[in-house]
Structures are given as C-alpha cells and as structure tokens.
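Comments concern the structure below.
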Amino acid sequence: MSVVLYQCLSCGNIVFMVENSGVTPVCCGEQMMRLEPKLKDNGLEKHLPDVTWLDDCTLRVTIGSQPHPMEEGHHVVFVALEMKDGVVIRCLKGKCKAKVDFYCCRTDAVAVYAWCNIHGLWKTSLEAEKVKGAMTTEGCKR
C-alpha cells in the first residue's frame with residue numbers, strides 16, 4: 001500500500017487514499033490537493049519523524065530532533081506508520097508530547113508520516129540501515 005493524502009484548500013480536511021479509483025477526492029465542491037511529504041528539515045523548524053526501534057516489534061517516533069511544540073496554535077495532529085499491508089494512524093490530542101510508539105514487526109514497516117497543523121506533511125523512510133536501534137537475532141514474535 002502506498003500512502004497518499006489529500007487536503008481540502010477550503011476547510012482543511014485531510015483524507016487518506018485507501019483505494020485509488022482514478023478520481024481525485026472532492027471536498028467543499030472542489031478537488032482536493034494531493035499532499036507531497038517533505039523529506040528534509042530546512043531551517044530552524046524540525047519536523048521530520050525521528051525513529052528508533054526499541055526492539056524488533058516496537059518503533060518509537062518523536063517529531064523533530066528537538067521536541068515539537070504541542071500548543072493549540074502549533075502542534076502535530078497525527079503520526080502514521082506505513083506498513084507493507086496497511087497504515088496505522090495515531091492522533092495526538094491535548095497536552096501530550098509529540099511522541100508515539102507503534103507495535104509492528106520491524107520487517108513490515110515502510111515509512112512514518114507526521115502532519116503539523118502549520119508546516120504540513122513530513123516523511124521518514126524506514127530503511128533498516130538508517131534507523132537507530134539494533135535488531136535482535138530473535139526477530140518479532142507476533
């Protein structure tokens with residue numbers, strides 16, 4: 001499954017494309033804009049999902065190399081884990097930290113996405129050699 005998101009330019013709604021029939025989603029009477037994730041931090045704001053495997057089945061995601069603000073006017077709305085067979089979305093609410101743990105087999109994880117209400121969509125690919133945390137020899141027991 002490839003993650004594709006769209007946003008309504010009028011109301012701000014965001015949708016995940018689950019199955020693509022070739023038609024662009026419509027909201028508020030207009031076609032929605034396809035979102036292209038940013039892959040690099042450029043400047044003072046740090047938004048790339050920072051990922052660490054705690055073990056073969058637990059992926060910890062924090063947003064930014066410095067803690068991302070979680071204030072009413074500037075916050076991370078959701079973090080999504082793309083796997084080979086689907087997507088898990090975790091919405092962040094209230095005064096929480098911009099940190100999420102996902103439970104999945106390390107070999108199934110593909111990428112992590114984060115949506116900042118001001119700075120948009122960010123993506124970190126989960127190429128095994130680039131992610132912190134050593135893989136054990138036991139593998140995932142799920």
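The first residue in the sequence is number 1, and the count goes up from there.
Side-chain contact between Lys97 and Pro67 is absent, with no heavy atoms from C-beta onward closer than 4.5 Å. In this structure the side chain of Leu5 never reaches within 4.5 angstrom of the side chain of Val15, judged on heavy atoms. A heavy-atom distance below 4.5 Å is found between the side chains of Met70 and Val76. Taking 4.5 Å as the limit, some side-chain heavy atom of Met17 sits within range of a side-chain heavy atom of Pro25. Between Asp108 and Asp85 there is no side-chain heavy-atom pair separated by less than 4.5 Å. Counting only heavy atoms from C-beta outward, the side chains of Met33 and Tyr6 never approach each other to under 4.5 Å. When side chains are defined from C-beta on, Trp115 counts as touching Ile14, because their heavy atoms get closer than 4.5 Å. Counting heavy atoms from C-beta on, the side chains of Val61 and Asp50 never come closer than 4.5 Å.
For the pair Thr124 (side chain) and Pro49 (backbone), a donor-acceptor distance under 3.5 Å is present.
Heavy atoms only, all atoms of each residue included: Lys38 and Gly120 are closest at NZ-CA, 4.1 Å. The two residues Phe16 and Ala80 make their nearest non-hydrogen contact at CZ-CB, 4.1 Å. The two residues Met83 and Val88 come nearest to each other via the heavy atoms CE-CG2, 3.5 Å. Nearest approach of Leu35 to Pro37, heavy atoms of both residues: O-CD, 3.8 Å. Between Lys40 and Leu48, the shortest heavy-atom distance links the atoms CA-CD1, 3.9 Å. The two residues Ala109 and Leu81 have their closest heavy-atom pair at CB-CD1, 4.1 Å.
Under the rule for a salt bridge (charged side-chain N to carboxylate O under 4.0 Å, His left out), Arg90 has no partner lying at least two apart in sequence or in another chain. Ala111 pairs by the side chain to side chain contact (heavy atoms under 4.5 Å, CB included) definition with Glu82, Tyr113, Lys123, not counting sequence neighbours.
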- Task: Would you sort out whether Val110 and Lys84 count as a side chain to side chain contact (heavy atoms under 4.5 Å, CB included), showing the intermediate values?
- Result: CA-CA 6 Å; Val110 175; Lys84 291 177 183 174; 4.1 Å; yes
- side chain to side chain contact (heavy atoms under 4.5 Å, CB included) evaluation trace for Val51 with Leu59: CA-CA 7 Å; Val51 295; Leu59 178 68; 3.9 Å; yes
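In this structure, OG1 on Thr52 lies 10.5 Å from NZ on Lys99, to the nearest 0.5 angstrom. Distance check, rounded to the nearest 0.5 Å: CE of Met32 to SG of Cys8 gives 5.5 Å. With values rounded to the nearest 0.5 angstrom, Asn13 atom CG is found 6.5 Å from Cys28 atom SG. The SG atom of Cys104 sits 8.0 Å away from atom CG of Leu126, with the distance rounded to the nearest 0.5 Å. Here Arg60 contributes atom CZ and Leu54 contributes atom CG; the two are 5.0 Å apart, rounded to the nearest 0.5 Å. Between the OG atom of Ser125 and the CG atom of Leu39 there is a distance of 7.0 Å, given to the nearest 0.5 Å.
Both Val77 and Val3 sit in one connected hydrophobic cluster of ILVMFWY residues. Membership requires side-chain heavy atoms under 4.5 Å apart, directly or through other members.
For an aromatic pair to be called close, the ring centres must be under 6.0 Å apart, and His68 with His75 fails this.
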